[in-house]
S.K.: 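Have a look at the structure that comes next, please.
If you read the sequence from its start, that first residue is 1, and numbering goes on from there.
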Amino acid sequence: QVQLAESGGGLVQAGGSLRLSCAASGPTFTGYAIGWFRQAPGKEREFVAAISWSGANTRYADSVKGRFTISRDNAKNTVFLQGNSLKPEDTATYFCAARRTRQQLLLFTSSEYNYWGQGTQVTVSS
């Protein structure tokens with residue numbers, strides 16, 4: 001089993017940047033597809049970005065495409081989400097999720113993941 005812990009959230013002004021980290025303890029991220037999701041108060045959890053376990057394949061939600069970058073360092077058991085040109089609409093709790101897979105899959109739905117971190121809060125002020 002893999003345990004996930006997000007960090008790097010905080011308060012940033014609109015137009016600023018943050019880099020979120022998802023660190024794994026126990027097994028390495030090798031063999032795990034990773035996704036980032038976010039949830040604002042009163043709203044449903046939504047997909048942000050996904051990366052296959054090799055890091056070769058990535059996908060982004062339309063709302064963050066061109067502004068966010070997902071990457072991973074399997075040797076360090078860490079996945080990153082770099083957010084640039086942040087908007088107030090990006091304000092949410094950001095969650096890292098993982099699912100073990102033998103294939104280079106990109107998973108976009110919350111129900112497809114079975115490991116979740118506790119989340120890190122991102123607040124973008126106007």
Side-chain angles (χ1 to χ4, degrees):
Q1 299 184 34
V2 62
Q3 294 176 310
L4 308 176
E6 303 94 336
S7 62
L11 175 64
V12 64
Q13 292 183 330
S17 299
L18 284 174
R19 188 179 74 161
L20 309 183
S21 298
C22 175
S25 59
T28 70
F29 274 179
T30 300
Y32 289 86
I34 304 296
W36 281 97
F37 294 79
R38 65 187 183 186
Q39 187 169 22
K43 295 187 176 182
E44 296 181 341
R45 187 170 298 183
E46 65 173 334
F47 167 76
V48 176
I51 189 167
S52 58
W53 68 258
S54 73
N57 302 316
T58 60
R59 291 291 188 276
Y60 301 91
D62 290 340
S63 59
V64 304
K65 192 174 299 181
R67 300 187 298 115
F68 284 32
T69 302
I70 187 171
S71 62
R72 65 191 298 165
D73 186 341
N74 288 336
K76 297 183 178 181
N77 295 336
T78 304
V79 174
F80 304 98
L81 183 68
Q82 176 71 39
N84 298 326
S85 301
L86 293 172
K87 305 175 181 179
E89 305 92 88
D90 296 319
T91 296
T93 301
Y94 284 71
F95 298 90
C96 177
R99 181 184 178 92
R100 190 171 185 270
T101 177
R102 298 178 182 178
Q103 300 175 314
Q104 299 298 322
L105 300 178
L106 293 168
L107 307 176
F108 315 124
T109 305
S110 296
S111 61
E112 295 179 296
Y113 291 93
N114 51 6
Y115 297 99
W116 292 84
Q118 297 302 306
T120 184
Q121 178 66 38
V122 172
T123 302
V124 184
S125 62
S126 59

S.K.: So, Thr123 side chain and Thr91 main chain: donor-acceptor pair closer than 3.5 Å or not?
M.R.: no
S.K.: Quick one, Trp53 with Arg100, criterion side-chain contact (heavy atoms from CB on, under 4.5 Å). Give me CA distance, side-chain angles, the key distance, then yes/no.
M.R.: CA-CA 9 Å; Trp53 68 258; Arg100 190 171 185 270; over 6 Å; no
S.K.: Salt bridge check, Lys65 against Asp62: does any charged N sit closer than 4.0 Å to a carboxylate O?
M.R.: yes
S.K.: For the CZ atom of Phe68 and the OG1 atom of Thr58, what is their distance to the nearest 0.5 Å?
M.R.: 14.0 Å
S.K.: The test is side-chain contact (heavy atoms from CB on, under 4.5 Å); show your working for Ile34 and Cys96 and say whether it passes.
M.R.: CA-CA 7 Å; Ile34 304 296; Cys96 177; 3.8 Å; yes
S.K.: Find the distance between CD (Glu6) and CG (Leu81) and round it off to the nearest 0.5 Å.
M.R.: 11.0 Å
S.K.: Measuring from atom CZ of Arg99 to atom OG of Ser111, what distance do you get when rounded to the nearest 0.5 angstrom?
M.R.: 9.0 Å
S.K.: Linking I/L/V/M/F/W/Y whenever any side-chain heavy atoms sit under 4.5 Å apart, do Leu106 and Val48 land together?
M.R.: no
S.K.: Closer than 3.5 angstrom, by distance alone: can the side chain of Ser52 be matched with the main-chain N or O of Gln104 as a donor-acceptor pair?
M.R.: no
S.K.: Of all the heavy-atom pairs spanning Leu4 and Ala24, show the shortest one and how long it is.
M.R.: CD2-CB, 4.2 Å
S.K.: Is there a donor-acceptor pair under 3.5 Å between the side chain of Arg72 and the backbone N or O of Gly55?
M.R.: no
S.K.: Could you pull out the closest heavy-atom pair between Ser126 and Pro88, with the gap in Å?
M.R.: CB-CG, 4.0 Å
S.K.: Are any side-chain N or O atoms of Thr101 and backbone N or O atoms of Gln103, one a donor and one an acceptor, separated by less than 3.5 Å?
M.R.: yes
S.K.: In this structure, are over 12 heavy atoms from other groups packed under 6.0 Å from Arg67 atom CZ?
M.R.: yes
S.K.: Which of these, Tyr113, Phe108, Phe95, Tyr94, sits in a ring pair (Phe, Tyr, Trp, His ring centres under 6.0 Å) with Phe37?
M.R.: Tyr113
S.K.: To the nearest 0.5 Å, what is the distance between CZ on Phe47 and CG on Leu107?
M.R.: 9.0 Å
S.K.: Nearest 0.5 Å, what's the CD-CD1 distance between Gln82 and Ile70?
M.R.: 12.0 Å
S.K.: I need the minimum non-hydrogen distance between Phe80 and Asp73, along with the two atoms involved.
M.R.: CE1-CB, 4.4 Å
S.K.: For Val2 and Ala98, work out which heavy atoms get closest and say how close.
M.R.: CG1-CB, 4.5 Å
S.K.: Indicate if Val12 and Val64 have the same hydrophobic cluster label, given that clusters are the connected sets of ILVMFWY residues with side-chain heavy-atom separations under 4.5 angstrom.
M.R.: yes
S.K.: Might you point out which heavy atoms bring Ser85 and Asp90 nearest each other, and give the distance in Å?
M.R.: O-OD2, 4.5 Å
S.K.: Please find the pair of heavy atoms, one from Ser21 and one from Thr78, that lie closest to each other, and give the distance.
M.R.: CB-CG2, 4.3 Å
S.K.: Let me confirm one number: the CZ-CD distance from Arg38 to Glu44, rounded to the nearest 0.5 Å.
M.R.: 14.0 Å
